[in-house]
Amino acid sequence: NAGVTQTPKFRILKIGQSMTLQCTQDMNHNYMYWYRQDPGMGLKLIYYSVGAGITDKGEVPNGYNVSRSTTEDFPLRLELAAPSQTSVYFCASSQQGSPLHFGNGTRLTVT
Amino acid sequence: AQSVAQPEDQVNVAEGNPLTVKCTYSVSGNPYLFWYVQYPNRGLQFLLKYITGDNLVKGSYGFEAEFNKSQTSFHLKKPSALVSDSALYFCAVRDPGSSNTGKLIFGQGTTLQVKP
C-alpha cells in the first residue's frame, strides 16, 4: 500500500535550471495538492487539483506549473529555479471530506 | 482572512506529564479543524479532526483535542507524554470557501520535545 509517492527525495539545482517534481498516488483520490514547507512558516499551498484535467492556483503559485492528465499523477514543474524556491515540497491527496494523505517530501536546494 | 495560529514555537514536557499544544483560529462560519504530526524527514500524518458534535475529539496515539468556540481554540492534549511523541505538530483549518476542494490552511507548527 504505497499511498502518496514523491520523487526525487533530494535535489540540488543551479539558478535558472528547470525540473519536475513527481507525485503519484494509488488511492484513487480525486483531490491532489502541492505544498511547500519553510522553517517557521508552516505549509503554503502552491497548486491543487480536484480531478483529472482540472488545476487551480493556491496561495504561492508564482514560479511553478502543474498538470493533471491522470487521476494518479500530479507533477510540479519549476521552469527557472530561483534561490527563493529552496524548500521542502509535499504532495498530498484526499477524497472529499477525508483527511489529506501526504508523501514524504522532496528537499530542493537552489544555489 | 482565514488563519490559524500556533503561539508556541516549542513545547517542552517531561515524559509521563500531560502535554498541551495550543492552536487558535480565525474563520468565518463553522470551522473544520485538524491536527497533523510530522516526524523527521517524513510527511505529515493525520491525528484527528473536529467537524461537528462533541467538543472533545479523540484521535490517534492517545491524543485528543478540545474545541472551544468562544475562545476560537482547538488545543491538542495528551494525558501522559511519551518520548516518542517528540515531533512537529501542525494545526489546520479547512478553508471555509473551499468545501468542494478540501484545501487546508496550516499554522506555523509547534515542536514538541518530550524529555525522559
Side-chain angles (χ1 to χ4, degrees), chain A residues 2-10 21 23-25 27 29-51 54-61 66 68 74 87-108, chain B residues 1-10 21-26 30 32-53 57 59-61 63 65 87-111:
Chain A
V4 179
T5 302
Q6 292 183 238
T7 56
K9 288 184 171 57
F10 306 95
L21 283 67
C23 175
T24 187
Q25 52 95 6
M27 297 172 283
H29 286 168
N30 286 329
Y31 301 160
M32 295 189 75
Y33 315 86
W34 275 105
Y35 286 90
R36 60 177 285 172
Q37 182 182 23
D38 300 299
M41 301 294 291
L43 279 77
K44 302 294 184 185
L45 182 64
I46 305 171
Y47 270 95
Y48 67 98
S49 168
V50 299
I54 305 169
T55 64
D56 208 346
K57 295 178 180 179
E59 186 180 359
V60 290
V66 294
R68 184 95 184 270
F74 191 41
S87 188
V88 182
Y89 292 84
F90 287 99
C91 180
S93 72
S94 74
Q95 281 292 40
Q96 187 173 14
S98 72
L100 272 61
H101 294 254
F102 284 83
N104 285 333
T106 293
R107 187 175 297 273
L108 176 67
Chain B
Q2 332 298 343
S3 65
V4 177
Q6 295 179 240
E8 301 155 317
D9 289 335
Q10 181 157 330
V21 182
K22 295 180 180 177
C23 172
T24 59
Y25 64 90
S26 174
N30 295 320
Y32 286 20
L33 296 157
F34 302 81
W35 276 102
Y36 285 81
V37 60
Q38 184 182 31
Y39 298 102
N41 300 314
R42 300 297 299 272
L44 280 68
Q45 297 177 31
F46 169 74
L47 278 179
L48 52 81
K49 66 179 179 181
Y50 171 83
I51 304 297
T52 186
V57 179
S60 306
Y61 312 123
F63 284 93
L88 182 58
Y89 290 81
F90 288 98
C91 183
V93 62
R94 196 180 75 181
D95 186 340
S98 64
S99 60
N100 61 341
T101 67
K103 291 189 295 181
L104 295 184
I105 300 168
F106 285 88
Q108 307 94 307
T110 298
T111 298

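Convention: sequence-line order gives letters A, B, ...; per-chain numbering from 1. Side-chain atoms are counted along with the backbone in the values below, which use heavy atoms only and exclude waters and symmetry mates.
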Practice task
Heavy atoms only, distances under 4.5 angstrom: which of A:Gly51, A:Ser98, A:Gly105, A:Gly40 has the most pairs with chain B? Name it, please.
Solution key: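 Looking at each option in turn, the highest pair count goes to A:Gly40.
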
Where does [X] contact chain A at under 4.5 Å (heavy atoms): side chain, backbone, both or neither?
| X | value |
| --- | --- |
| B:Ile51 | neither |
| B:Tyr32 | neither |
| B:Gln6 | neither |

Exercise for the section: Output the option from B:Leu44, B:Thr111, B:Thr110 having the highest count of non-hydrogen pairs under 4.5 Å with chain A. Expected result: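 It is B:Leu44.
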
Exercise for the section: Can you label the angle between the B:Phe63 ring and the B:Tyr89 ring as parallel, tilted or perpendicular, going by 30° and 60°? Expected result: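 Ring orientation, 0 to 90° scale: tilted.
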
Problem - Parallel, tilted or perpendicular: ring planes of A:Phe102 versus B:Tyr36, cut at 30 and 60 degrees - result: perpendicular

Problem - Any donor-acceptor N/O pair, B:Gln38 side chain to B:Phe90 backbone, under 3.5 Å - result: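 The answer is no, because no donor-acceptor pair under 3.5 Å joins these two groups.
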
Problem - chain B contact via A:Leu45 - side chain, backbone, both or neither, heavy atoms under 4.5 Å - result: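 For A:Leu45, the side chain is the part near chain B, not the backbone.
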
Practice task
Check each atom of A:Gln95 against the heavy atoms of chain B and say whether the ones under 4.5 Å are side chain, backbone, both or neither.
Solution key: neither

Exercise for the section: Among A:Thr55, A:Ile46, A:Val60, find the residue that satisfies the side-chain contact (heavy atoms from CB on, under 4.5 Å) test when tested with A:Trp34. Expected result: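 In the set A:Thr55, A:Ile46, A:Val60, the residue that makes a side-chain contact (heavy atoms from CB on, under 4.5 Å) with A:Trp34 is A:Ile46.
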
Exercise for the section: Give the intermediate values and the outcome of side-chain contact (heavy atoms from CB on, under 4.5 Å) for residues A:Gln25 and A:Phe74. Expected result: CA-CA 9 Å; A:Gln25 52 95 6; A:Phe74 191 41; over 6 Å; no

Practice task
Using the side chain to side chain donor-acceptor pair (under 3.5 Å) rule, take A:Tyr33 and A:Ser94 through it: C-alpha gap first, then chi angles, then the decisive distance, then the call.
Solution key: CA-CA 9 Å; A:Tyr33 315 86; A:Ser94 74; 3.2 Å; yes

